[in-house]
Asker: 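There's a structure below that I have some questions on.
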Amino acid sequence: MSTASYNQISNSKVVSVEEAVKNIPSNATITIGGLISILCPEKVLAALEERFLTEDEPKNLSVITPVRVGWDPKRRTGLEHFAHKGMLKRLISGSFHIKENQKVAGMIRNNEIEAYNFSMGTLFQLIRSIAGGHPGLLTKAGLHTYVDPRYDGGKLNEHTKDELVRLLEIDEDEHLFYPSFPIDVAIIRGTTADESGNITLEEEPATLSGLEMAMAAKANGGYVIVQVKRVTGKNTLHPRSVEIPGILVDAIVIDEEQKQSLLPDYNPSWTGEIKQPISQLKKHLPLDAKKVILRRAAKEIVSGAIVNLGVGIPVDLPQLALEGDFFKEITFSLEHGAIGGVPMGVEVFGAHNNPEAFVTSPQIFDFYQAGGLSATFLGFAQIDGSGNVNVSKFNGIYRGSGGFIDITHKTPKIIFCGTLTSGGLKVSVEEGKIKIENEGRYKKFIQSIEHMTFNANQALKKGQEILYITERCVFRLEEKGLVLIEHAPGIDVKKDILSNVDCEITISSNLKLMEPSLFMESKNEVLMERV
């Protein structure tokens, strides 16, 4: 039976995807839910693109999405459906991906659209502020970084002119203020809908902010589309399972082929439906540069810590913990709202095996920005001699800061993890030493970073402890900038470190050797400090 016929018989909110997107006008501001492939309303976004290609409508859309949406570099998914001249006017996003958002990135680079990159937490919280009818979001997260109007104000190209963030002083204390604006349409996703539009998320590995997005659209008298896998009858959903009430939903689009993520199979351990045996989640990490970095980083964790992980090398820290005897003493938290369990790696970043709880994205960033984490382990692209870090925009690549600015705002211990150089770097690790077989082509410690994602001076003022851990050495942030405090066995400080660093660093008068055990095979990883 067609969705149109079903709708007539049942008087439900179920409509065809074509009918749903037909109601989106030109010049609309749209908020889109999703995290790469998780909770991505792909069927609706594809239909909206098809309508534009067929009818040349809707035009001049403004899109706000806290997290990049889309996952396949070989075909259009997610935000790539908007990558047409005349369709997309403005994009406000927390993150991008050069491969998954190739055409969107090209439009930014070629000044074809207005483009802003703000922190993920800021955008989630701004949408919540809009939902509540507030004048905007007031925050201290992001001061003295590229989102600060004294720097770039989040603007990514010359075509982007409007100031969407202001600097305000309240009682002689600086804040960033993001004014609210009307949202006309919300496009979000769930698992099950009843005919009244009540939405559940039982097969989804994260909650994100579907409720806040729907409320933000309704605060402006707007239109809410929800893509789901299935529909049930009215009054059949348990009220405690409803994440988005039907009073906020205008149109339900069914996608019976909707997948939990980009992986082909449904994983019930991501949702709490089952608890997967820990023995099935373990995998042995090979002894390489990544493992050396993770081992050294693990020594900075204390028992009972609540730990956040960034993309890159840190995502494998849970696997290192599983190899040893300290996994049970740490609670892992990623910025997408799952708490506890074993976070997935790069395959589906944001999902956890065996999570203990879920909170919404605005809530997890409230927790982070208030200093709730014990430590965070993050990657880096560029670092200068003052200890400033860039992960958001470099070498013509738009990555965005994601949750980086929010996470580093008040976390007491920040550990940056990455190799000293990149691009063809090859190292061997054996017999308690490390050997540089082939040096990387690109230096990551440079004189001046392109984008201020992390301001080291502000971190020092806040009393945060900052370390930079590489495969061959460790730096600590002090008042004078980067200080080399450790080097690996087998490494010549002048030849292997100083000659591959373009910024000024200080060598500690108490320079130590990294523990040889970090560079040896071991059946039992006993690394974490216990207190």
Side-chain angles (χ1 to χ4, degrees), residues 119 142 144-148 151-152 289-290 292-294 296-297 300 308-314 375-405 407-409 411 413-425 427 436 439-462 464-488 491 493 496-508 511 514:
S119 75
H144 299 283
T145 72
Y146 74 89
V147 303
D148 190 315
Y151 291 71
D152 298 325
K290 180 192 297 184
V292 167
I293 293 169
L294 290 174
R296 177 60 185 84
E300 299 299 321
N308 169 268
L309 305 173
V311 295
I313 289 175
T376 182
F377 296 79
L378 302 167
F380 61 85
Q382 297 175 336
I383 296 174
D384 65 19
S386 297
N388 301 315
V389 179
N390 173 24
V391 300
S392 45
K393 181 183 175 184
F394 48 90
N395 300 328
I397 298 173
Y398 301 94
R399 299 287 307 215
S401 56
F404 188 101
I405 289 174
I407 294 164
T408 58
H409 172 60
T411 299
K413 179 176 284 190
I414 301 170
I415 313 296
F416 294 106
C417 302
T419 55
L420 191 75
T421 64
S422 64
L425 174 66
V427 304
I436 309 301
E439 191 60 78
R441 297 185 300 276
Y442 308 114
K443 296 178 181 179
K444 298 166 73 173
F445 288 75
I446 58 178
Q447 287 188 1
S448 179
I449 62 174
E450 297 177 50
H451 227 207
M452 181 72 78
T453 329
F454 172 77
N455 190 306
N457 184 53
Q458 294 301 307
L460 287 171
K461 289 180 179 179
K462 288 184 276 189
Q464 294 169 296
E465 181 182 354
I466 317 295
L467 290 178
Y468 309 80
I469 298 176
T470 78
E471 79 287 359
R472 66 189 84 174
C473 59
V474 179
F475 300 96
R476 183 172 59 226
L477 180 64
E478 297 183 5
E479 291 291 340
K480 51 192 168 186
L482 291 180
V483 178
L484 179 65
I485 61 172
E486 298 175 24
H487 69 90
I491 288 295
V493 172
D496 296 319
I497 300 175
L498 299 183
S499 66
N500 291 292
V501 171
D502 276 350
C503 56
E504 290 188 14
I505 63 169
T506 301
I507 300 177
S508 172
L511 181 63
M514 296 172 72

Asker: In Å, rounded to the nearest 0.5 Å, how long is the span from OG of S401 to NZ of K393?
Answerer: 12.5 Å
Asker: If you compare all heavy atoms of N500 against all heavy atoms of R472, which two are closest, and at what distance to 0.1 Å?
Answerer: ND2-NH1, 3.8 Å
Asker: With sequence neighbours left out, what residues match T376 under side chain to side chain contact (heavy atoms under 4.5 Å, CB included)?
Answerer: N308, L378, I407, T411, I414
Asker: Taking only residues two or more places apart in sequence, or in another chain, which ones meet D152 in a side-chain hydrogen bond (donor to acceptor under 3.5 Å, both in side chains)?
Answerer: H451
Asker: For L460 versus E478, what's the shortest heavy-atom pair and its separation?
Answerer: CD1-O, 3.5 Å
Asker: Starting at CD of E504, measure out to CG of L482 and round the result to the nearest 0.5 Å.
Answerer: 11.0 Å
Asker: Quick check: closest heavy atoms across I497 and C473, and the distance to 0.1 Å?
Answerer: CD1-CB, 3.6 Å
Asker: For V427 and A289, which heavy atoms make the closest approach, and how far apart are they?
Answerer: CG2-CB, 3.5 Å
Asker: Going by side chain to side chain contact (heavy atoms under 4.5 Å, CB included), name the residues that satisfy it together with S508, two or more places apart in sequence or in a different chain.
Answerer: V483, I485, N510
Asker: Residues two or more places apart in sequence or in another chain: which of them pass side chain to side chain contact (heavy atoms under 4.5 Å, CB included) with I507?
Answerer: L484, V493, L498, L511
Asker: Would the Y468 and F416 ring centres measure less than 6.0 Å apart?
Answerer: yes
Asker: Give a yes or no on whether the backbone of G440 and the side-chain of T421 come within a donor-acceptor separation of less than 3.5 Å.
Answerer: yes
Asker: Take N388 and N457 through the side-chain contact (heavy atoms from CB on, under 4.5 Å) test and state the conclusion after the steps.
Answerer: CA-CA 8 Å; N388 301 315; N457 184 53; 5.6 Å; no
Asker: Drop me the distance from S499's OG to E439's CD, to the nearest 0.5 angstrom.
Answerer: 7.0 Å
Asker: Between CD1 of I436 and CG of D496, what distance do you get to the nearest 0.5 Å?
Answerer: 5.5 Å
Asker: Could you walk me through whether L420 and E471 pass side-chain contact (heavy atoms from CB on, under 4.5 Å), step by step?
Answerer: CA-CA 7 Å; L420 191 75; E471 79 287 359; 4.0 Å; yes
Asker: For the residue pair T453 / S392, report whether a side-chain donor-acceptor contact shorter than 3.5 Å exists.
Answerer: yes
Asker: Would you say the side-chain atoms of Q464 pair up with the backbone N or O of T408, donor to acceptor, closer than 3.5 Å?
Answerer: yes
Asker: So which of F445, F454, F404 actually passes ring-ring contact (aromatic ring centres under 6.0 Å, His included) with F380?
Answerer: F445
Asker: Can you name the closest pair of heavy atoms from S119 and I405 and give their distance?
Answerer: CB-CB, 3.9 Å
Asker: Going from CG on L467 to CZ on R296, what distance comes out if it is rounded to the nearest 0.5 angstrom?
Answerer: 6.5 Å
Asker: I'd like to check the side-chain hydrogen bond (donor to acceptor under 3.5 Å, both in side chains) partners of D502; sequence neighbours left out, ordered by chain and number.
Answerer: K443
Asker: Roughly how far apart are S386 OG and Q447 CD, rounded to 0.5 Å?
Answerer: 11.5 Å
Asker: Nearest heavy-atom pair of D384 and I449: which atoms, and what distance?
Answerer: N-CG2, 3.7 Å
Asker: Mind checking what makes salt bridge (charged side-chain N to carboxylate O under 4.0 Å, His left out) contact with E450, not counting sequence neighbours?
Answerer: none
Asker: May I ask you to decide if T506's main-chain N or O and K480's side chain share a donor-acceptor pair within less than 3.5 Å?
Answerer: no
